[in-house]
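Please read the structure below before turning to the comments.
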Amino acid sequence: MNVVLVDVPQEVCEELEHKLHEEGARHAVRCQVRRARGLDEVPELLPPGLLVLWDAGGALEDTLALCQQLHTRRTPSQSQLVVLTRRGPEELDALDEAGADECLAPPGSRWGTRLMALERRLQSMTPSSFLADGRHWVHTEATLQTLLELTLAESGPDFFQSLVKQLTRALGVTCALVGELDGNTVRKLACFNQGDFCELPPYALAGTPCQLTVNQSLCHYPDGVAARFPEDTMLHEQGLRSYLGVALKDSRGQPIGVLAILHDKPLEARPLDYALVGAFAVRAGAELERLRARTELERSKDMLQRTLDAVPDPLLVKDRAHRWVAMNSAFGRLMGRPVEQLLGGTDHDFLSSSEAETFWNQDEQVFATGQAHESEDSFTDNTGQLRALVTKKALFSGLGGRPLLMVLSRDVTDRKRLESQLRLADRMASVGTLATGVAHEINNPLTFVSANLNFLEEQLTQMMLAPESMPELREVVSETREGVGRIRELVQDLKAFARSDEERSGPVDVHRVVDGALRLMRSALRHRTQVVRAFGEVPLVRGNEARLGQVLVNLLVNAVQALPARHPDDNRIQVSTWHEGPHHVVLEVQDNGQGIPPDIQRHIFEPFFTTKPVGVGTGLGLAICNTIVQSMGGQIDVRSEPGQGTAFRLKLPILREEGTAHSLARTGSVALPQ
């Protein structure tokens, strides 16, 4: 016989042990007594037998709390909780409600005899439950058959209903229920009561036997369960007397639910019965954990989809077979199809063969190298419109380490169209700025061309031309040809400056672009400053000649406007070129004007930022210059000191395989024609 003594004084322990051993010897029972000072020394799983608690007579609440905690650690059908106390009837009732089976008072000399009597009564108790009275093997067989069927049953929404229904019939009890823990609440999964399924709203754990079930994994009240839990209305309304509950646990051993069997008659059980009900609980716990995992997976997928949809740009995820395994709603809108229709497809299912092949090759490169890829590609949407996409592709690992490709695209069609319009507007604004000077540059040669033509006409009307007049006529023709050439050159410069073949990219002679820009600016520069060319020996660069000309004209206009009002010989604009490293050519426009303060330098490339008066500048010039240079693969920087001048430096990429010097070095001041 096992006896655990809790908080029993030393002298009383010795008396009890003496009496227990004495009574045990008389009845041929071997007593094993264990002393415990406080709850910390009481084992979590108490052995069958007697559990004896000493009540020192202090605050009743302390004794009640200790009694309740001891009650949660024992199996009621296999043990007796005895409180040695001297309290009155009302307090004894409170101890009984707290879980005490017996409350024994003095005389102390008879405690050992009475405890031994309780032990003998505990040993002599004969189960009369659903597994007793000669029907043990019948019900055990039925229970095992039910458990086997449930183990082999496929998971599904009706699993728990099938469980409780078969459990009540196999065990012959009134009610069986399965509930899921939701904080301090039990949410019903299935309940079968009195031969039919029933509704059971969520209920609080506190004040119910399910609370003890969760705390101690198994809870059994053979009888009187309704009296012990007066707050549990279901027990009273259904007239239920007995309860057997097992906690459902997940794979980590944490309680996640309750499986409970209730009966309107006393319900005893043997260890085998606990094992069988526990097996049902294991199967139910596994199913509940699976459902929770599936719910969590669905929740995670929903959260992931909402996260993807929150990204405004089209986003696509591909697996190693190039299948589209995830995407956001923006990608569906780009494709003009519902996301559900696109999932599982590939580029070849929805794109033209050439576009699909391009994207396929890009993906393979990222999969093979692991290096991110960025490019600008054309894409034909479902309406047949050609759109421009800037696409970034990067590799990451999915579940199980499988490689996945994330593709983030940005539709830049409208932006490129707007940029083109802004560049054209900026060029036209520059043309407007240069209009007076250009008109003067054209009128000058036109004036003497017209005069020369009148002179030639007069000479040709004469019947005979004197031989001595021939040299003069030749000189007039030569001057006329020169004037027409100057006009033609200026018109070609204007045409190159204003043409709209924005997307063409190829070899560009930097010096030719500089010469054209200086010719366009000749009139504006001639009376304000001296211009110095400092050309190095440089190769061709990769870019767009018209765009580069636009940038250079803009920088020259800004340089002229930055010069103070002083004698032209004191003003200076220098245009320099040189070869920097193996991959770049540098083009610099430097003036000795008023300079740019540091606080303004930080903003000069921002769109619509300008220090010019209203109506004079739009603030787009340098921003467009920056965009143009970057689109050519280069960069633009500014260096300036207030009062010392400003230098804009363009770093341009050399045309591949064209590294030999193309333009001859030219250095010196330029005398601009009158």
Side-chain angles (χ1 to χ4, degrees), residues 412 415-435 497-498 500 502 508 510 513-514 516-518 520-521 524-525 528-529 531 541 543-564 571-577 584-653:
V412 295
R415 190 194 73 185
K416 290 176 70 66
R417 185 182 300 115
L418 179 60
E419 287 178 353
S420 177
Q421 293 171 351
L422 288 175
R423 284 194 294 268
L424 180 60
D426 185 68
R427 282 201 303 275
M428 294 302 101
S430 299
V431 170
T433 302
L434 302 176
F497 178 78
S500 59
E502 296 295 336
V508 176
V510 174
V513 174
V514 173
L518 289 175
L520 287 176
M521 292 288 297
L525 297 172
R528 293 292 307 278
T529 182
V531 177
V541 300
N544 181 286
E545 186 172 333
R547 288 187 182 184
L548 186 57
Q550 180 181 352
V551 171
L552 197 56
V553 167
N554 203 305
L555 295 180
L556 289 171
V557 169
N558 287 344
V560 171
Q561 294 175 346
L563 295 173
N571 291 329
R572 173 188 172 97
I573 294 177
Q574 178 170 311
V575 183
S576 307
T577 62
H584 292 93
V585 166
V586 176
L587 170 61
E588 184 180 74
V589 177
Q590 183 178 17
D591 65 70
N592 63 344
Q594 57 193 4
I596 305 173
D599 57 328
I600 294 179
Q601 288 185 42
R602 294 192 295 268
H603 303 286
I604 60 174
F605 293 113
E606 296 176 4
F608 304 106
F609 177 82
T610 181
T611 58
K612 299 175 182 177
V614 176
V616 176
T618 64
L620 287 173
L622 288 176
I624 291 176
C625 288
N626 188 33
T627 301
I628 291 174
V629 173
Q630 288 182 352
S631 70
M632 295 170 61
Q635 63 184 56
I636 181 171
D637 298 312
V638 61
R639 294 180 295 107
S640 183
E641 289 287 339
Q644 300 297 318
T646 302
F648 283 92
R649 181 173 294 178
L650 280 62
K651 194 173 183 180
L652 304 171

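Quick caveat, the model's predicted, so the values are computed rather than measured.
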Run the side chain to side chain contact (heavy atoms under 4.5 Å, CB included) check on F648 and N554 step by step: do they pass?
CA-CA 11 Å; F648 283 92; N554 203 305; over 6 Å; no
What distance separates R649 CZ from S576 OG, expressed to the nearest 0.5 Å?
9.0 Å
Sub-3.5 Å donor-acceptor pair from the side chain of S640 to the main-chain atoms of G645, do we have one?
yes
Could you please spell out the steps behind the side chain to side chain contact (heavy atoms under 4.5 Å, CB included) verdict for V513 and V508?
CA-CA 8 Å; V513 174; V508 176; 3.7 Å; yes
Side-chain touch V589/N558, heavy atoms, less than 4.5 angstrom:
no
Could you walk me through whether Q590 and T646 pass the side chain to side chain contact (heavy atoms under 4.5 Å, CB included) test, one step at a time?
CA-CA 6 Å; Q590 183 178 17; T646 302; over 6 Å; no
Would you call N592 and L563 a side-chain contact if the rule is heavy atoms closer than 4.5 Å?
yes
Once rounded to the nearest 0.5 Å, what's the spacing between atom CG of N571 and atom OG1 of T529?
5.0 Å
E641, CD atom: more than 12 neighbouring heavy atoms under 6.0 Å:
no
Residue pair V541 / L652: nearest heavy atoms and the distance that separates them
CG1-CB, 4.1 Å
Are the side chain of Q594 and the backbone N or O of P642 linked by a donor-acceptor pair below 3.5 Å?
no
Check whether any side-chain heavy atom of L552 sits under 4.5 Å from a side-chain heavy atom of L518, and report yes or no.
no
Do you know the tightest heavy-atom contact between I573 and L525?
CD1-CD2, 3.9 Å
Considering non-hydrogen atoms only, spot the tightest contact between R547 and S631 and give its length.
NH1-OG, 3.0 Å
Only distances under 3.5 Å count here; give the side-chain donor-acceptor pairs of residues 632-639 to other protein atoms, sequence neighbours excluded, each with its distance to 0.1 Å.
unit_1, atom_1, unit_2, atom_2, d
Q635, NE2, D637, OD2, 3.3
R639, NH2, E588, OE2, 2.7

Quick one, L548 with V629, criterion side chain to side chain contact (heavy atoms under 4.5 Å, CB included). Give me CA distance, side-chain angles, the key distance, then yes/no.
CA-CA 8 Å; L548 186 57; V629 173; 5.7 Å; no
Contact between M521 and V560 at the side-chain level, heavy atoms closer than 4.5 Å - yes or no?
yes
If you compare all heavy atoms of A517 against all heavy atoms of L556, which two are closest, and at what distance to 0.1 Å?
CB-CD1, 4.0 Å
With heavy-atom distances below 4.5 Å as the criterion, would you say the side chains of I628 and Q550 are in contact?
yes
